[in-house]
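Presented below is the structure to which this report refers.
Whatever order the structure lists ligands and atoms in, that order sets their numbers, starting from 1.
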Amino acid sequence: MSYEPIWLKKATLPGKPGFSSYIPGEGIEGSIERELSVLHDLREDFVWSVMVTEALPEEGYEILVGDGKVDILGGSKAGVLYGIFDAMRQLILTDTVVPVSERPACPLRMLNHWDNADGSIERGYSGNSFFFRNRELIVDDRTLFYARLCASVGINATVINNVNVHEDATKLITDEYLPKLREMAECLASYGVKLYICINFAASMQLGGCKVSDPLDPDVIAYWEKAVAHVYEAVPMLGGFLVKADSEGRPGPHTYGRTQADGANMLARALAPYGGKLIWRCFVYNCSQDWRDTTLDRACAAYNYFHPLDGQFDDNVILQVKNGPVDFQVREPVSPLFCGMTQTNLMLEVQAAQEYTGQQKHVCFLVPMWKDVLRFHTYAYSENDRVRDIICGAHRKSENCGIAAVANTGDDENWTGSDFAAANWYGFGRLAWNPSLSAEQIAEEWAGLTFGDDKEVSAVIVKVLLASYSIYERYTVPLGIGWMCQPNNHYGPNVEGYEYDRWGTYHRASHSAIGVDRSSRGTGYAVQYTEPLAKLYDDPSTTPTELLLFFHRLPYNYLLPNGSTLIQHIYDTHFEAVDELRSLIASVVTVQGLIPEKEYTRIMERFAMQLASAKEWRDRINTYFCRISGIGDAKRRKIYAVSEEDITYPSDADPEYTS
Ligand code: GCW
């Protein structure tokens, strides 16, 4: 399948070096040469030179400019490449180069692909895998271009297979795959991207003939030592393993009464002699909950399992924590693990794949959401530390930390299905490199690189991106409640879809109130946080409005700080967001003709799907809450309440309804 150069469009002219064929063994020197010639094509009148110097941090770089001469210095060859891409970005956006001195904030800047060996992608919204086809690994020009795109935004690591490791992918660590895996690792490394793989915790049984996968069993330990030695003999540049254990049916140490630390350390010790890292996910919870049991709260699970183990993990273990305590909902509080694990290496996991945010049919630029997470004050070490400090290693002085995004790519021609979704891939890399960049700056860069330098087009694209997350949030789930989507595929509304299921994801709406009480009077989730956060979240009057229903169970006539009742807020946000979406679409129509037709058509096709789905969200949510509460919209907009006699309209005279 052919592919487009997306944000490297201007740096990839047909027949010119950027679109090069993959030549095995070419190495990072080959990439530097190729990218230098792109720079040269962009500005022939400049004299370009590159140099590696130990005076700079390993992945850092400096660009020196003087008298038509540009020197790019890197702390390593990868640093040089990052410097070249910076110069390229500057040239394309501003037609000139200014001096800069840069180093990445996060040591690990990683993508997690949920690609299966058969070529399908779990939660993939842009075609099939370009890493696997029919149980075979593919290494070709597209792999190289993927690495080029990653390097151009500073991504330095990737996991190519799904965390749910099924039978075929279990064999990635065997001779069936190792030679090709090495080729893959070399291809990626030629752009400074380190390959990682997901392993199956039960491989000792499935491949090694052991009776168990108990991490303290000597046969299991011996199996992994041998298996890892074999893998590193074939693929010495492998970064390590990522593991999903004891979660959603995946095997893990809990089966044997062992802890998550027992499981992680056993694998980490097998990897340590080779410098390998073991990334262990904290997404551990009971997915067979009885919905009748209102004392059990899934949000509490990760902290309950991992917090008591703080300090027990080996140094080459990194715990990978989803941004929120449940699962990539449109709005969740930041996971309390970032507040309470001061003796453990941590990595943040966000999801660029738009599983719950419109599945790449809806525009949803996630950088603003990620920035909220990164700047969140954890109070773990001091008053001033934020998630970004923790994942950049500021406190533990460790290189074993960073940020991972579940990737949103596939083999679609434009890589991400939706053209706008590429901004999330781009933005993730830029933010991981420098969390202080603003969402606006990232959006502007991406728009300029992707759609050219027309100011009008850029302004419209940036406006769409920056408005999109807030709009999506408002026509979908109100006030952080979550999980009102279709079960299984997670697209579109279904208010009670998860209500009586086993997944621990309930809103428990009744005729008078909605939400789960997660305060100290309820499940106690709020008090997993450090102070002053625990106190703040424990009280509805100090809980941030956008998270109100995540933490509290409240009546529909509860008054919000803006003077609106909770139910009126639901109506207002849903009506307004659909209207705003309509006007955003109209603004894109104004630049028809200034955007290439192919892209424009693709964008409009997706907007049509988004608008239809947004209306469905609005009408289902509004109708559900109108019917269940019997309270009508103070502004009398169209809601499908069936029987008018059942509805009471808040009167203007009633001070409780001053929306
Ligand atoms: O939300 C769930 C997804 C699963 C995914 C899981 C996880 C890869 O629906 O598809 O499995 O999260 O993060 O492990």
Side-chain angles (χ1 to χ4, degrees), residues 110-126 128-129 131-132 158-170 172 196-202 241-252 254 260 263-264 279-289 298-299 301-302 305-306 318-332 335 337 347-360 364 366 369 373 403-410 476-477 482-492 494 497-498 501-506:
M110 179 182 251
L111 288 179
N112 289 180
H113 293 267
W114 288 354
D115 293 22
N116 297 314
D118 66 3
S120 61
I121 302 179
E122 181 153 348
R123 311 304 176 189
Y125 310 107
S126 26
N128 291 316
S129 174
F131 292 120
F132 296 94
T158 190
V159 189
I160 57 165
N161 66 307
N162 190 355
V163 287
N164 290 325
V165 184
H166 305 295
E167 209 171 300
D168 290 301
T170 302
L172 272 177
Y196 285 71
I197 54 171
C198 291
I199 57 100
N200 182 338
F201 194 78
F241 298 156
L242 167 65
V243 186
K244 170 176 179 177
D246 288 317
S247 174
E248 301 184 333
R250 304 320 299 157
H254 283 171
Q260 298 294 299
I279 304 174
W280 187 269
R281 295 176 90 223
C282 294
F283 184 59
V284 179
Y285 72 100
N286 169 10
C287 69
S288 298
Q289 197 177 319
R298 172 171 165 184
Y305 285 126
F306 286 91
I318 309 172
L319 295 188
Q320 186 167 296
V321 182
K322 286 192 182 184
N323 59 271
V326 186
D327 191 7
F328 296 138
Q329 295 304 288
V330 185
R331 177 76 69 168
E332 286 187 43
S335 167
L337 284 172
M347 209 162 144
L348 169 66
E349 179 178 324
V350 296
Q351 194 183 40
Q354 289 174 234
E355 179 176 358
Y356 297 96
T357 50
Q359 307 202 346
Q360 287 149 242
C364 193
L366 295 163
M369 182 219 254
V373 175
I403 177 166
V406 178
N408 59 358
T409 56
T476 54
V477 276
W483 297 102
M484 293 182 176
C485 56
Q486 293 286 355
N488 308 319
N489 80 350
H490 301 160
Y491 186 77
N494 186 341
Y498 273 102
D501 215 329
R502 63 186 173 96
W503 299 94
T505 47
Y506 317 114

Side chain to side chain contact (heavy atoms under 4.5 Å, CB included) against N128, all qualifying residues, sequence neighbours excluded: D411
Please report the shortest heavy-atom distance between [X] and [Y], naming the atom on each side.
| X | Y | result |
| --- | --- | --- |
| C282 | F306 | CA-CE1, 3.5 Å |
| N200 | V165 | ND2-O, 3.7 Å |
| F131 | D115 | CD1-OD2, 3.5 Å |

Ignoring hydrogens and geometry beyond distance, is a side-chain donor-acceptor pair present between N164 and E248 at under 3.5 Å? no
Name the residue from K244, R250, Q260, M347 that meets the side-chain contact (heavy atoms from CB on, under 4.5 Å) definition with R281. K244
Heavy atoms under 4.0 Å from ligand 1: which residues qualify? W114, E122, R123, N162, V163, N164, K244, E248, R281, F283, K322, D327, E355, Y356, H490
